[in-house]
Every structure is written in C-alpha cells, then in structure tokens.
Amino acid sequence: MNRKDRRRLERLGETPPPPEVGRAPNLARAKVLGAEKRLETGDREGARKVLDEAAILDPGNARAHFLLAMLDFEAEDMEAAGEHILEAALADESDVLIHTNCATIMNRLGRAAEAEAAARFAIDLDGDVPEAHCALGIALDAQEKTQEARGAFERAAKLRPGYLDALINLGTLLFRQGDMVSAVESYAAAVKAEPGNPMPRTNLAIALRRLGELAAAEEQCLAAIELAPAFAEAHNALGNVRRELGDLPGAIAAFQAALDNRPDYAEAAANLAAARFKAGDLAAAGKAYEALLERHPDFAEASLGLGVVRLAEGNLIDAETRFRATAKARPSFGEAWMNIVGARGKDISDEDIDVIRRKAGDASLAPQDRIAFLFALGEALDAKGDHEGAFAAFADGNARRRARLETEGRQFAPDEFDGLVSSVISTLDKATVDRLRGISGNGARMLFIVGMPRSGTTLLEQMAARHPNVVSAGEADVLAGLVDDYPADAAALAAETAAELAAANLTRLGKSAPADGWLVDKTPLNAFYLGLIAALFPNARAIHCRRDRRDVAISTYFQNFKADHPWSWDLDDIRRYGDAQARIMAHWTDIAAMPILDIDYEDVVAAPEAAAKRIVAYLDLPWDDACAHPDGGEGAVLTASNWQVRKPVHTGSVGRWRHYEKHLGMFSAEGDRA
C-alpha cells in the first residue's frame, strides 16, 4: 500500500489493511456504482467515503479517482483534485473526458505544460470535444503561445457555437493583443449565448470603452448590474466608463458600489481613490490610497497614486520618496521612474540614468512599462543636455506607443479630423450660434481655458484659481460626452434639452462657482466645443492660451500622455492637429461665439504679474496678489504639468525647440503660434 492509500484510510478513520491484501476490482466497481447513486441523491460526503474505499480496494479504478477529482474540484481543493485526476489519467488512456478534465485541473493549478499535454492527448482521442480545445487554448495562452491559443479557442467555439468559456477566453486574449474589434465580437457572441449572464456583458463593456464607444459600454454595464446587482466587476466597469464620460460623481458612486459588494476589491478601491483625486478631493484620495496600502502594501499602483496625491498637494519631497519606494517595490514600473525624473530634473543622478537606460532596453518588460522607461530616459537626457540621445529615446517611445494603439484601431486620421472640424464650422455658423446662444437659461459663470496641450493652460488655470472667487474643476472633459452626434445634435438643440445638458455638465463637474465668482474647466479639447458652450452657458468666457508651435510640438512629443491623444505620437500629426485647432479657434473668434481672451505663454512667463492682472480684469474681479504666484498656495494641480507648475514661473522652456530644430522641418517660421 502506498502513502496516499494510507492517507485515505486514515481519513476514513480505519486501520490500513495488512500488506498481503490484494486488489478487489469487482468490489471496487460495486462501490463506485453505489457512490454514483449517492451522488444522484446529493449525498456527496457519503459518496466520497465510498469512493475512497473503492480507490483503496483497487488503486487502478479510474472511475473512482475521476469522481474524487470532480468532488475535490467542486470543493476548490485543487491539489487533491490534481492527485486524483492524474491517477485516473494513468489508469485509463482511452477516456477523453478524463484527459479533458485533467487539462482543466492542471490549468487551475498553473501547470500549463501538463495541461497542454493532457489536452492534446484528449484531442488525439477525439478531436471534436470543444472542452479539450478550450483547455488547450488556456494552457497555450499561459505559455504565451498566443497564436496557437487563439486557434484553439476559435476551434472550440466552432465546435460548439455559443460556448461561453471559449468565447470569453478568446475575447480576453484578443483584448490583450489589442484587437479590440475582434474582442468586442467575441464578447458580443458570449452575450448572445448567455444573455442572462453579467460577466460577458461586463467584459463587452470594457472592450467597448477601449474603442471609445462609451454610450454602448455604459448600456452593457447597466444591463449587467440589472441582472446581478451585487456583481462588483460590473460596477467597477461602469465607474471607468463614467469617469471617461466626465461624470466624476457617477464614477465615484459606481466604484463605491463595487466596494460595497466586495470590500476587498483592490482595483475598485484604487479606482475610487483616483476618481476622488480627479474630482479634486485630495484629502479623501490620500486617505483611500493609505487605507488600500494598509491592506495591500505591495500594490504598486496605489503607492504611485499616493505619490501623485502628495505631488498635487505640493509635498514634493514626500512625493519623490513615495515614487522611489514604488520603484523599489516594483523595479519594472516605468511610470514610477517617469515621476522620479520629473522630481529630480537636471539633478537626476548618473546611477538613476543607468537604471532607466537598462530598463528601457529590456525586451522582457510589459510594453507600457518599456514605453514609460523610454520617456523617462528621454526626459533625463534632455535635462542633462544630451539632446540627440533624448530625441532618440522619445522617438522610440512614441513609435512603440503608436504601434501598440494602432493595433486597437485608435490611430489618428488627420484628413478625417479635418473633415470633422470643417463640419463643425459649417454646421455651427454665426447664424446658428446666434440663434442658440443662451437657450439653456443657465446662469452659471463658466471660464473655459483652452489651447493645445503643453501650451500653458495649467499655468493660466493656476493663476485664476489662486483668486478666492474662482474654483477650478481641472480637466473635466465633460462636454465631449454630452451629445451623441456632434455637431449635428448641438445645432438641433431645443431649450429644454439645452437646459438638461447644462445641468448635467455642472453635475458631472461636481463643483460650483462661488457667489460672484467663476468655475474653471481647462480641458484643452473644449476648443472644439465653444459653439455648444455658448448655447449651454450664456455667461461663459474663454481664455485661449497660445505658444510657439515648435515648443508645443516638442513638449507634446516628449509627453507620455495618460489621456488618449493619438495625434501626439508623430510630429507631423501634431502639426495637423494644431492646424485644426487654430482653424476652429479662428472660427469662434470670427463669429463672436463668446468673449475670448488670447494670452501668449511667452508673455506669461516673462511677466507673470502682468498676465495675472489681465486674467483677473477679464473676469471682472478685484486684484489678488496670490494670482501672480501660481507656484504657491495649497491649490491642487491634477494634470501632467504637476512638476512644472510647482516650480517658480520661469522662461527656461521658451525656445526649447531650438535643440531639436532639425526634426521640425514641417513647422512654419518663428512667430507661428498654436
């Protein structure tokens, strides 16, 4: 008798038989039949006892080991299930069901090579068993044999149309590969197969969000929640969708619902903290990250998030300490090193640069981390004056970023974008905007700071927000999600709809202007929506921040934006996007859509107090000295300009493009502004 047999008998409370007792296959078969009858009546404990006895009487009884494996699998005892299924597989080399289940259990144990072998054995026995192909796909995927895995999942789904496991696994593989369209198709087929199951709907919502189909994604999330109100993943997915829609209060509520249904849901907790940060509630965001790190001290994203909160609060030393702790906990975390470089600037050490350089060349890193290290390396070399090395690193990072997102179908199409801008200009002409102006009747005093990213919008926002009569909502990005078909829906607005949209916009911002003051939205993309803004907020004003287009281009190309700016991957695409924005701003100015104050970045950094006085006077507010010092005070900075705006205003970034002049031949002569 072997050791496992003795353990079985000890578990039964019986004394092991003497060594001379031989096999009793007939009695074992009888006991298995008895166990199966017990299983039919739901007596699992009784069946287990009889099966243990059968396995002792005949260790080669494959059926006894198989049924024990299934009972252990059901009880989530994977180690015991693995022992029994391997015994069953060794005892019977002709039962495809045993070998298919062996593959499934080996997958659950993380033993992918053994799972692959078992699945292939099952397929050799019978090539038309969909479960075997699905198990093979899972095993291959775990070994990063993604193309073979895709073929296995597709074969499983073909053998059994509507096979949920195969469709979900195929969709997830395609999602990771960046083939969002195919992932959506696979998840949609899973939803069709099991419309009452919330999981495929949630997965479909996540893929739709990545494609930018936010309304459809929200619909799937809500359908999943209606089916299963306690399904935390659906609430978390809904929170991500609403955050991208600019509905921060809705996002916060959804993330909180996810945590209410699963208190240990670390991803939802991190998302909730990030949403509170985005909403400007730094105290709540910091506490949320701290609480999450108490439960999950190695959660690198939470550690990084806490560092970003400290940075937004102006605690630069604490922020850098947190970023370095994050990098130590996860050396491959490229974003942590990007923030370290941002903190140190030209004081970054040669030792740090060596670490970053090695990581930037490490092909084993996840694509997003390697991209982040390349941007960190470019920023460090630029700060040290190695402009050739810096540009090479940024170019490599942008090429990888472009290749990664193009596989998702999210590349920038400049001709198509130009066509959209032309449509806005022709649809929202002077007569239309004059007719629409103020139809909502909403009296909110809104200030929209627009301009190209990296043109100085954050600096102007901070100047305005230092005034006690000004509150900033940061880059809220709400307007883009208010109407489904822009600009046609905007041109067709009725007063009632406009009033609803204006109220929805303010609700999603989650903030309001103080009495006799202003609420600031500094989303750069709002430059394309000023005609709609004129309809929703008759008291609105805009500040248009302009900067030398070559400095804008370099600063944009060197920024690894978290926001989806696909035009920022290529210098000529940056030029085309800048041309489009200049064209739309000229249109709003020509038709007098609203008061617009043009301010040049170079003038601001050369004479910050004079610029601040222009802004304050434009807002009809009394002068406040704090506005001339955007680097001071306790106001939160929630954008990519965190590090820069925390430093005293300086002219060091003016003319930065000259170091990279040979790469900027597509831009016009000096004086051209974006």
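Residues: numbered from 1 along the sequence shown.
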Full working for side chain to side chain contact (heavy atoms under 4.5 Å, CB included) between I353 and I348: CA-CA 7 Å; I353 293 177; I348 191 78; 3.9 Å; yes
After noting the C-alpha distance and the side-chain angles of D352 and R324, does the key distance pass the salt bridge (charged side-chain N to carboxylate O under 4.0 Å, His left out) rule? CA-CA 11 Å; D352 282 341; R324 288 195 178 274; 2.7 Å; yes
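- Remark: side-chain polar atoms of D570 are paired, donor with acceptor, to backbone N or O of D572 under 3.5 angstrom.
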Between R547 and D603, is a salt bridge (charged side-chain N to carboxylate O under 4.0 Å, His left out) present by the stated rule, with each step listed? CA-CA 9 Å; R547 186 180 182 186; D603 293 340; over 6 Å; no
For the pair E290 and R310, evaluate salt bridge (charged side-chain N to carboxylate O under 4.0 Å, His left out) and give the outcome as yes or no after the intermediate values. CA-CA 12 Å; E290 288 169 352; R310 298 293 178 252; 2.5 Å; yes
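- Inter-residue side-chain proximity for R546 and I599 is flagged as unmet; no heavy-atom pair is nearer than 4.5 Å.
- A salt bridge does not link D382 to K346: none of the charged side-chain nitrogens sits closer than 4.0 Å to a carboxylate oxygen.
- Residue pairs that meet the side chain to side chain donor-acceptor pair (under 3.5 Å) test with at least one member in residues 237-254, sequence neighbours left out, are R209-E244, E218-R242, N240-R243.
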Salt bridge (charged side-chain N to carboxylate O under 4.0 Å, His left out), that's the test. Do D579 and R583 meet it? Break it down for me. CA-CA 6 Å; D579 287 346; R583 190 155 60 99; over 6 Å; no
Side chain to side chain contact (heavy atoms under 4.5 Å, CB included) evaluation trace for M585 with V450: CA-CA 9 Å; M585 287 304 302; V450 299; 4.1 Å; yes
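- In this structure, R658 does not pair ionically with D551, as no charged nitrogen and carboxylate oxygen lie closer than 4.0 Å.
- Within the 6.0 Å centre-distance limit, the rings of F558 and Y660 are counted as a close aromatic pair.
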Side chain to side chain contact (heavy atoms under 4.5 Å, CB included) for H587 and I591? Distances and angles first, verdict last. CA-CA 6 Å; H587 171 66; I591 68 170; 3.7 Å; yes
Could you go step by step and tell me if L428 and Y486 meet the side chain to side chain contact (heavy atoms under 4.5 Å, CB included) rule? CA-CA 10 Å; L428 296 176; Y486 183 78; 3.5 Å; yes
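- Remark: the S472 side chain and the E461 side chain contain an N/O donor-acceptor pair separated by less than 3.5 Å.
- Remark: of the listed residues W569, Y577, F391, F394, F391 is the sole one forming a ring pair (Phe, Tyr, Trp, His ring centres under 6.0 Å) with Y557.
- Stacking of R576 on the aromatic ring of F417 is not recorded, the 6.0 Å distance cut-off and the 45° axial limit not both being met.
- Open room surrounds NZ on K287; 12 or fewer heavy atoms of other groups in view lie less than 6.0 Å from it.
- Cation-pi contact between R445 and W518: present, with separation from the ring centre below 6.0 Å and deviation from the ring axis of at most 45°.
- Considering only heavy atoms from C-beta on, D521 stays 4.5 Å or farther from L447 through its side chain.
- Of the listed residues (N442, L506, L482), just one forms a side chain to side chain contact (heavy atoms under 4.5 Å, CB included) with L536, and that residue is L482.
- Counted within 6.0 Å of CG on D347, heavy atoms from surrounding residues, nucleotides or ligands total more than 12; the atom is thus considered enclosed.
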Could you please spell out the steps behind the side-chain hydrogen bond (donor to acceptor under 3.5 Å, both in side chains) verdict for S303 and R322? CA-CA 7 Å; S303 179; R322 175 56 62 182; 3.2 Å; yes
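- By the 4.0 Å N-to-carboxylate-O rule, E379 lies too far from K384 to be salt-bridged with it.
- Note that CG of L501 and OG of S440 are 9.0 Å apart. Values are rounded to the nearest 0.5 Å.
- The CD1 atom of I596 sits 11.0 Å away from atom CD1 of I543, with the distance rounded to the nearest 0.5 Å.
- Sequence neighbours left out, the pairs with a member in residues 589-599 that pass side chain to side chain donor-acceptor pair (under 3.5 Å) are H544-D598.
- Residues L304 and E335 have side chains in contact (heavy-atom distance under 4.5 Å, counting atoms from C-beta outward).
- For the pair K359 and W337, the cation-pi test (distance below 6.0 Å, angle within 45°) is failed.
- In this model, a donor atom of one side chain and an acceptor atom of the other lie less than 3.5 Å apart for N236 and N271.
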Side-chain donor-acceptor distances from residues 366-373 under 3.5 Å, at least two apart:
unit_1	atom_1	unit_2	atom_2	d
D369	OD1	G334	N	3.1
R370	NE	A360	O	2.9

